[in-house]
Amino acid sequence: MARYEFPKGFWWGSATSATQIEGATGKKGKNIWDYWYEKEPYRFFDGVGPQVTSDFYNRYKEDIKLMKEIGHNTFRFSISWSRLILDGDGKVDQDAVRFYNNVIDELLSRGIEPFVNLYHFDMPLQMQKKGGWESREVVDAYVRYAKICFELFGDRVKRWITHNEPIVPVEGGYLYDFHYPNVVDFKRAIQVAFNTMLSHAKAVEAFRNAGIKNGKIGIILNLTPSYPRSDNPADLKAAEIADLFFNKSFLDPAVKGEYPKKLVDLLREHNLLPQAKDGDLELIKKNKIDFLGVNYYQPRRVKAKSCMPHPDAPIMPEHFFDYYEMPGRKMNPYRGWEIYEKGIYDIMVNLKQNYGNIECYVSENGMGVQDEERFLKDGMIQDDYRIDFIKEHLKWLHKAIQEGCNVKGYHVWTFMDNWSWINAYKNRYGLVAVDLKTQKRTLKKSAYWMKSVAEQNGFED
Ligand code: BG6
């Protein structure tokens, strides 16, 4: 048996987002999810939309009590932009202010530090109508919203996050058709990515000006390492390009304040560079983050292309590489994602070696499983597979910390079963089960396991 002890004060907790748990109850402006569901409910698993989700809006007290019971000392949630400011750019809604104040106060009263994220895939509909992240006007509206949040909650919230996985709305909304507005256009996708990064840098600048005492600001990125099929130079090149597109495109400007030259050259060569204004790059350079959240679920395996793309097909990132299914890989069949625990270690070592060992934490890691009632025994879901998943990742994280990586905590995705965008409630990720008919919460076996890990600041295995 080995003992895996984590550094003193390690953050144990979980993460979630507004649209996935709150429910669209109370006074709330529509966001793109409310709208898309109204328009195309058949795009969502079993036709389940975002109206009710896990009803956190009404049950936050009970939920926060449970978080405490299972040993959380930190919890990340997001503010819904379209709840706080119904149309995204107008009046601040006082009911929403009360709600978020209550959530923050309730967490603090139970000794759980709130980490607050400003944007988790949920563009207010009125802002999308103005062009979403393609529009500079929307970038400015986001910065105004960020400032309002710092003013309203900055006296108590000390850990701020500008965006969660900003590349996902780029992929989902502008390349691969799994978020509204369902555009397929690489050039527009790159503009969206650039403007999102700009909104991030402007929010960091606003944060510095807000002078929040002891406050820190960061961004959360899904750093999916790109592993080449082989050492063949063609495979290595394919992996390097995938890494530029999907990791360095946000990681480098956020941490180093600049885009990698190789990425800029590649985009220029293919006439894909976004439009920027004078001063944009300086702004990004000046406003680097204090800490980084790392979401990790799966690796990205790539190989050199085997066929030329069809000349009529739109140019896509896959113009430069093919995906590679490694024989023998371990899979989560429900989500269709490979499980590769060592990836979490490789990410941390990369941050240590190439990104100044920036302060970071695992901001999401977890396993979504379909039909979990199968595992119900003695009134509890016996999710040993989830315990194994978390444990094996934690072992690699522990090794990274032993080797000097600056990792401050680990957040599970997620506290309770929640609404997973177009997958709705297909795959359950929670430490706590939610009965969708009654909204009853029941701890799963993994919740008890996480509690003991948090209490002992580690585990034996
Ligand atoms: C992350 C997101 O990508 O993964 C979450 O930040 C999401 O919002 C989670 O729910 C799990 O992915 P999915 O697609 O199964 O919900």
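Both ligands and their constituent atoms are indexed starting at 1 by order of listing. The first residue in the sequence is number 1, and the count goes up from there. Keep in mind it's a predicted model, so treat the numbers as computed, not measured.
A side chain to side chain contact (heavy atoms under 4.5 Å, CB included) with Phe250 is found for exactly one of Asn222, Val255, Leu221, Leu223, namely Leu221. When each of Trp33, Tyr35, Trp133 is tested with His179 by the rule ring pair (Phe, Tyr, Trp, His ring centres under 6.0 Å), just one qualifies, namely Trp33.
Taking the centre of each ring, Phe115 and Phe75 stay at or above the 6.0 Å mark.
Protein heavy atom nearest atom 2 (C) of ligand 1, with residue, atom name and distance: Glu364 OE1, 3.4 Å. Closest protein heavy atom to atom 11 (C) of ligand 1: Tyr429 OH, 3.4 Å. The protein heavy-atom contact nearest to atom 16 (O) of ligand 1 is Ser420 OG, 2.6 Å. Looking only at heavy atoms of the protein, atom 3 (O) of ligand 1 is closest to Glu165 OE1, 2.6 Å. Taking atom 9 (C) of ligand 1 as the reference point, the nearest protein heavy-atom neighbour is Tyr297 OH, 3.5 Å. When only non-hydrogen protein atoms are considered, atom 5 (C) of ligand 1 lies nearest to Trp413 CZ2, 3.5 Å. With hydrogens left out, the protein atom closest to atom 10 (O) of ligand 1 is Gln20 NE2, 2.9 Å, a heavy atom.
Panel note: side chain Asn332, backbone Trp337; no donor-acceptor pair is recorded below 3.5 Å. Judged by distance alone, the side chain of Asp185 and the main-chain N or O of Pro314 form no donor-acceptor pair under 3.5 Å. Between the side chain of Ser54 and the backbone N or O of Glu22, no donor-acceptor pair lies under 3.5 Å.
Using a cut-off of 4.0 Å between Lys/Arg side-chain N and Asp/Glu carboxylate O, Lys342 and Asp346 are scored as salt-bridged. Looking at Asp383 and Lys444, no side-chain N of the basic residue comes within less than 4.0 Å of a carboxylate O on the acidic one, giving no salt bridge.
Listed by atom number, the atoms of ligand 1 under 4.0 Å from His120 heavy atoms are 2 (C), 5 (C), 6 (O), 8 (O). Under a 4.0 Å criterion applied to the non-hydrogen atoms of Trp337, ligand 1 contributes the atoms 12 (O). Of all the atoms in ligand 1, the ones that sit under 4.0 Å from a non-hydrogen atom of Arg335 are 13 (P), 14 (O), 15 (O).
Heavy-atom distances between Asn164 and ligand 1 reach below 4.0 Å in at least one pair.
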